[in-house]
Amino acid sequence: MSEMEDVKAAEEQTSPATDATSKKEELVGETTEELPPEQIVTETIDEDGDEVEEITQITKKVVKRTMKITETSSTTKTSSLTAPAKLYGKDLSEYDDVDVETLLAQLSPEEINILAKEVDPDDNFLPPDQRCSYECTKDPTGPLNRKKLIEHINKQAIETPDQPEFEPYVKGTVRGKKWVPPPRDQRDVEAEEKIAIDLGDEYESALKDATQEEIIDLAAILGFHSMMNQDQYHASLLNKGQPVGMGWDGITKSTQQKVYPMDPPNDTDVEESIRRVKDDDEKLIDLNLNNIKNISEEKLEQLINALPGNEHLEVLSLTNVGLTDKLALLLAEAIEKSKTLRVLNVETNFISPPVIVKLVQALLKCRTIEEFRASNQRSQVLGNKIEMEITDLVEKNTSLLRLGLHLEFNDARHRVAAHLQRNIDRTGRQRRMGHFGRNYTIGFYQ
């Protein structure tokens with residue numbers, strides 16, 4: 001009965017007052033139901049002072065009436081009736097003050113699991129196994145073997161028979177709805193239209209009568225590299241004639257690289273060279289110990305200690321021999337006393353930047369060294385401070401003509417290049433340098 005009253009109240013609130021409506025109630029049926037009698041026992045005291053029990057019997061009857069409500073309206077207006085949302089017979093507003101934590105604390109673990117299966121947390125930070133409502137109750141059969149699992153899946157896929165086709169395949173027959181591309185935009189079609197260029201009768205006749213080789217030469221002159229391969233391009237520039245079978249339909253491929261033989265290993269006898277340096281052999285002018293890996297530190301130390309007493313050695317190459325800072329400091333002391341050494345090469349070793357500064361500083365006392373190479377060391381980057389120190393030392397050196405060092409900063413490179421050029425111009429040795437001419441190198445030497 002209360003629900004009917006709520007609906008009536010909602011109708012009265014939502015229906016506009018301007019509608020002329022009338023309601024008619026009609027009794028459809030009436031039933032009378034008699035409830036079981038109830039007895040009430042009370043204890044009282046009579047006139048004699050004795051306790052007496054009085055039994056009172058109460059009889060209740062419930063009358064249920066069924067009413068039919070007929071509503072008539074003079075207009076044909078449709079009104080939407082909205083009743084307040086309810087949950088378990090109560091309005092949702094009554095649940096605002098309910099403490100959810102208290103309700104969850106009253107649930108048993110089984111009820112919490114049931115609730116968790118019905119609710120998706122919708123939290124991306126949770127792992128998928130905690131968001132999924134499915135829980136596997138089987139015990140693990142063993143550790144996961146990915147290889148065997150993939151083999152089992154492949155085997156099962158191969159052994160599973162294909163589903164039979166309900167309609168046999170017929171070649172050329174289109175099944176289902178054929179896809180038809182949508183019509184293209186007219187602007188795209190107009191953009192792809194070819195533009196005809198009028199070159200004139202003279203150029204058109206020349207191109208029409210030109211051979212394939214002449215067109216390839218013209219494409220090479222105009223720089224159309226994508227229209228030809230490397231052999232055709234270089235043949236056109238060098239005027240060697242086009243290769244046979246290399247027309248427009250030829251295969252675009254790169255030129256095969258030339259195979260050069262490997263450099264033979266350095267077979268210089270280290271002990272014999274050290275002996276000749278100690279003995280100041282006048283025929284030993286150029287000593288090359290590059291790429292000899294088995295030179296011990298004792299032998300290198302013997303060679304360095306013998307340099308100050310030698311007056312004929314001019315070129316010393318110690319590239320990739322494992323030169324360390326200790327040996328490089330001994331070499332710096334030795335070249336200060338050298339009298340004939342002109343070229344010193346210590347590239348591709350393990351010399352630190354501060355020791356390279358010591359070597360460049362030693363060149364100031366040795367006025368005979370014209371070329372010094374020390375690139376590709378343990379530290380690829382020298383740093384601004386080291387480069388400025390090397391630049392200051394090079395500007396004080398009047399005999400150095402070529403420096404093999406990779407300088408990163410532009411200021412250091414420009415200052416060193418300008419000073420080396422002034423040294424070359426001052427000494428007047430361009431004729432003796434031959435193919436070097438006025439060219440100098442600052443950076444890594446191959």
Side-chain angles (χ1 to χ4, degrees), residues 258-353 355-360 362-363 366 368-380 382 390 400-407 433-436 439-446:
K258 296 181 180 180
V259 179
Y260 294 96
M262 297 293 294
D263 294 335
N266 193 345
D267 55 354
T268 304
D269 191 350
V270 179
E271 296 182 356
E272 178 67 18
S273 300
I274 294 174
R275 185 189 62 80
R276 296 178 63 183
V277 172
K278 288 182 179 179
D279 296 342
D280 194 10
D281 189 356
E282 60 181 9
K283 296 182 179 179
L284 183 61
I285 299 176
D286 188 350
L287 178 58
N288 188 343
L289 300 179
N290 296 341
N291 302 319
I292 300 179
K293 301 295 183 64
N294 57 355
I295 304 179
S296 61
E297 291 188 2
E298 291 79 10
K299 294 181 180 179
L300 289 174
E301 188 173 351
Q302 294 176 7
L303 174 64
I304 293 172
N305 293 331
L307 290 177
N310 190 287
E311 297 182 355
H312 295 88
L313 185 64
E314 297 182 2
V315 180
L316 176 61
S317 298
L318 298 175
T319 301
N320 195 19
V321 294
L323 205 63
T324 59
D325 287 345
K326 176 183 176 181
L327 298 174
L329 291 174
L330 293 177
L331 180 61
E333 297 177 0
I335 61 178
E336 290 180 357
K337 304 175 184 178
S338 178
K339 301 178 182 178
T340 58
L341 198 62
R342 293 190 305 101
V343 178
L344 177 62
N345 187 354
V346 291
E347 293 178 339
T348 316
N349 284 296
F350 304 99
I351 305 175
S352 60
V355 180
I356 294 178
V357 176
K358 296 290 184 181
L359 291 172
V360 178
L363 301 180
C366 179
T368 59
I369 292 183
E370 301 175 353
E371 181 177 342
F372 175 68
R373 306 180 186 179
S375 61
N376 194 26
Q377 299 298 330
R378 177 175 57 187
S379 178
Q380 297 292 339
L382 299 177
I390 293 176
L400 188 64
L401 304 180
R402 289 179 293 277
L403 178 65
L405 274 177
H406 176 69
L407 303 178
M433 291 173 63
H435 63 278
F436 285 94
N439 296 330
Y440 52 85
T441 304
I442 302 174
F444 179 72
Y445 283 81
Q446 297 292 340

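Model, not experiment: these values are computed from the prediction.
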Point-to-point distance, once rounded to the nearest 0.5 Å, from CG of Leu289 to OG of Ser273: 5.5 Å
Pair listing, side-chain hydrogen bond (donor to acceptor under 3.5 Å, both in side chains) test, anchored in residues 326-341, at least two apart: none
Atom pair CD/CD1 of Glu298 and Ile274 - distance to nearest 0.5 Å: 10.5 Å
Distance-only donor-acceptor check, side chains His312 and Asp281, under 3.5 Å: no
Contacts of type side chain to side chain contact (heavy atoms under 4.5 Å, CB included), residue Gln377, not counting sequence neighbours: Asn349, Ile351, Ile356, Ala374
Side-chain ion pair, Asp325 and Arg378, N-O less than 4.0 Å: yes
Qualifying residues under side chain to side chain contact (heavy atoms under 4.5 Å, CB included), relative to Glu272, sequence neighbours excluded: Asp269, Arg275, Arg276
Inter- and intrachain pairs under side-chain hydrogen bond (donor to acceptor under 3.5 Å, both in side chains), touching residues 283-294, at least two apart: Asn288-Asn290, Asn290-Thr319, Asn291-Asn320
Minimum-distance pair of heavy atoms, taken over all atoms of Ala328 and Leu359: O-CD2, 3.5 Å
SB check Arg373 Glu347 (cutoff 4.0 Å): no
Partner set under side chain to side chain donor-acceptor pair (under 3.5 Å) for Lys299, not counting sequence neighbours: Glu271
Nearest-0.5 Å distance, CD1 of residue Ile390 to CG of residue Leu407: 6.5 Å
Side chain to side chain donor-acceptor pair (under 3.5 Å) against Asn305, all qualifying residues, sequence neighbours excluded: none
Distance in Å, Leu323 CG paired with Phe350 CZ, rounded so as to fall on 0.5 Å steps: 10.0 Å
side-chain contact (heavy atoms from CB on, under 4.5 Å), paired with Leu316, selected from Leu307, Val277, Val343: Leu307
With Ser379 via side chain to side chain donor-acceptor pair (under 3.5 Å) - residues at least two apart: none
Nearest non-hydrogen partners of Glu370 and Leu400, listed with the distance: O-CD1, 3.5 Å
Partners meeting side chain to side chain donor-acceptor pair (under 3.5 Å) with Thr324 (sequence neighbours left out): none
Value rounded to 0.5 Å, distance of CG in Leu401 from CZ in Arg342: 10.0 Å
